[in-house]
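See structure below.
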Amino acid sequence: MLQKTSDADWWRQAVVYQIYPRSFADANGDGIGDLKGITSRVPYLESLGVDAVWLSPFYPSALKDGGYDVADYRDVDPKIGTLADFDEMLSALKTVGIKVMVDIVPNHSSDDHEWFQDALKAGKGSKERERYIFRDGLGPNKDQPPTDWKSVFGGPSWSPSGVNDGQWYYHMFDNSQPDWNWDHPDVRDDFIKTLKFWGDRGVSGFRIDVAHALTKDMSGDLPKWEDLVKLTHQKLSNGNADLVHPLLDRDEVQDIYKSWRQVFNQYDPPLIAVAECWVAPDRKHLYASSEGLGQAFSFDILLCNYDAKEYVDCIKHSLKGSSLTDSSTTWVLSNHDVIRHASRFAMPNVENNKNHPLVIEAVNKWLVNKFQDPKPDVKTGLRRARAATLMILGLPGSTYVYQGEELGLPEVVDIPDDKRQDPTFFRTEAKEIGRDGCRVPIPWKADAKNFGYGPDAPAHLPQPEWLGKYAVDVEEKDAKSTLNLYRKALRLRKQLQTAEELEWVQEGEDGILHYKRPDGWEVVMNSGKEAVELPTIKGKKVLITSSLEELKDDGKLAGETTVWLKSG
Ligand code: GLC
Ligand code: CA
């Protein structure tokens, strides 16, 4: 396996901190987090010990999908700052050795994008329309959508052009997010221009949004929605992963990434990219190929129950996947699209989680009933979150940390309906609550206005009273806080993380997961409730524990606890 040796390999075992800019820090007090806010928090990021930050979109946007509706890929939203603010932020981060990754959203633009507006104006049959996916409607008046497909956020995935010409445009997500036609050379060229634009400004890499959906085949007879859903389910499971799908994970998408790789390699060190691809584990290595994007998110661990056996299976599968290329694995427990892991783990495990999406379904059910049935066990959730985090931080590969998880933040459930923003909530008529609960601005100071997030207007998503308990200034003073656990773990990890090797000692039996890393570094997790006697840990030095209790040198590992040990 490759070792972490040169600057070009910085990403292989990096800790990348995800910033959701609008909810991080609001410097000018208008209630919306901004780039100057991020710059003001550079000392915090430095003290946390992260190697890089990834910024969710900060581009001009009507915010119909939290910024993933991009109106201009090469500018900063005036609500958030300017390009000069971006440069200032980047240089402040670089000064303390933190790299910057930005989000590229290539599947769709915003309907405010100049090219979409041009397409509407230029009319049916025009060159301008070819950059997007327009089709005639069905029926004598063309007033029926071309297919009965649904959007990922609910509701139809076709909307009328709005200019009375019988044409409809395709949007996999919200109707404010028309999909690009990736067969069009203008689209390809424009994204190359965008990559170079940010590369030249000094970013170190990219997170690629919905990387598995860019190329589509809408020719011929299109399947009914019902059949498409069946096909999607089949394709997402191993064994059938090579089935051809008209919209998802088509082989030719890799040609685009090969052309991007040419751009990445023009920089020194080469730019990096990580794919957001919800594909079968068996297909992930295609996205992680060093001839393409180079790395792919593994969400499999996020879809596991809190369970040592599930974790071991998932880790083995993920490591096997990354060994098919010369990439490294990624680990993610939380991000801006899923319920925070401290809350996921506050719920009972789901039965029969062979089919991972069960966890997502269960989570949505709890969200819809506002966590009333069953009631969350917040203490257990945090205890398990700390143990799971410490377990993944010991693994070879890179870890993505989502803002606020280092404070142990739970999901915010009590957001009034009229304050919700996620299009999922509206498009499903509240059958799915959506993702606002993990996007509430984070608390910096328990006693300050807006918990120190911003000096004036209230945060754009309301911050509940209880958030103050998790404020940075509270946790800084508490040696056992989650913040201090992360800080210590990240510091230690820097010293310990060398070769990307892992050797199993115990593979999940009896709730125990135990692996060895080079140089006598060991990680042991007990996912069960009860303490377990473990001869394998007796006499070894404890480097760090996720538990609030001190660990005694009696060979016992408390329930729902992870420890890092040093032997010899
Ligand atoms: C990705 C993003 C998500 C967004 C969607 C559409 O899944 O992570 O936040 O809504 O793409 O861009
Ligand atoms: Ca602001």
Side-chain angles (χ1 to χ4, degrees), residues 18-41 54-59 61-71 73 76-82 85 89 101-111 113 151-154 157 170-180 206-214 247-248 274-279 296-297 299 302 332 334-339 360 400 402-403 421-428 432 434-439 441 444 449-450 452-461:
Q18 181 190 355
I19 293 181
Y20 194 74
R22 292 179 174 82
S23 301
F24 191 62
D26 169 23
N28 68 353
D30 63 355
I32 301 175
D34 40 47
L35 297 184
K36 279 195 182 302
I38 300 173
T39 308
S40 74
R41 304 294 184 213
W54 143 38
L55 267 58
S56 277
F58 48 81
Y59 316 111
S61 170
L63 298 184
K64 299 273 177 59
D65 180 24
Y68 284 90
D69 44 324
V70 180
Y73 293 88
V76 171
D77 191 332
K79 296 188 279 304
I80 269 201
T82 61
D85 293 343
M89 175 199 71
M101 294 168 68
V102 298
D103 219 309
I104 298 292
V105 190
N107 180 66
H108 44 266
S109 68
S110 152
D111 56 353
H113 192 285
S151 103
V152 173
F153 294 155
S157 67
Y170 176 75
H171 50 89
M172 185 172 281
F173 296 91
D174 188 47
N175 60 337
S176 64
Q177 294 168 298
D179 282 42
W180 289 110
F206 307 103
R207 178 259 188 193
I208 311 301
D209 192 60
V210 207
H212 55 301
L214 276 48
L247 306 178
L248 301 175
V274 56
E276 185 217 19
C277 52
W278 294 84
V279 298
F297 277 134
F299 296 120
L302 174 160
V332 183
S334 279
N335 64 31
H336 67 296
D337 288 332
V338 297
I339 176 172
I360 300 254
Y400 285 74
Y402 176 52
Q403 69 178 40
Q421 298 176 10
D422 188 345
T424 313
F425 179 76
F426 304 107
R427 293 182 67 92
T428 63
E432 285 182 37
R435 303 157 293 177
D436 295 319
C438 65
R439 299 174 177 181
W444 295 93
K449 192 164 185 183
N450 307 317
Y453 159 73
D456 196 359
H460 65 101
L461 278 168

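Note that ligands are numbered from 1 as they come in the structure, with each ligand's atoms numbered from 1 the same way. Hydrogens, waters and symmetry mates are skipped; everything else that's a heavy atom, side chains included, is used. Bear in mind the structure is a predicted one, so any value in this text is a computation, not a measurement.
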Quiz question: by atom type and distance under 3.5 Å, do the side chains of [X] and [Y] form a donor-acceptor pair?
X: His212; Y: Glu276; result: no
X: Ser61; Y: Asp69; result: yes
X: Asp209; Y: Asn107; result: no
X: His460; Y: Ser23; result: yes

Nearest N/O/S atom of [X] with respect to the Ca ion (ligand 2), by atom name, please.
X: Asp26; value: OD1
X: Asp30; value: OD1
X: Asp34; value: OD2

Problem set entry | Close residues, ligand 1: non-hydrogen atom nearer than 4.0 Å | Asp65, Tyr68, His108, Phe153, Phe173, Gln177, Arg207, Asp209, Val210, Glu276, His336, Asp337, Arg435, Arg439
For this session: Determine the interplanar angle of the Trp444 and Phe24 rings, folded into 0 to 90°, and report it as parallel if under 30°, tilted if 30 to 60°, perpendicular if over 60°.
Result: perpendicular
Exercise. Which residue pairs pass the salt bridge (Lys or Arg N to Asp or Glu O under 4.0 Å) test when at least one of the two sits in residues 24-41, sequence neighbours left out?
Worked result: Lys36-Asp85, Lys36-Glu88
Exercise. Is the Ca ion (ligand 2) less than 3.0 Å from an N/O/S atom of Ile32, whether that atom is in the backbone or a side chain?
Worked result: yes
Exercise. Side-chain contact, heavy-atom cut-off 4.5 Å: Tyr68 with Asp174?
Worked result: no
Exercise. Out of Arg435, His108, Gln421, which one pairs with Asp65 under the side chain to side chain donor-acceptor pair (under 3.5 Å) rule?
Worked result: Arg435
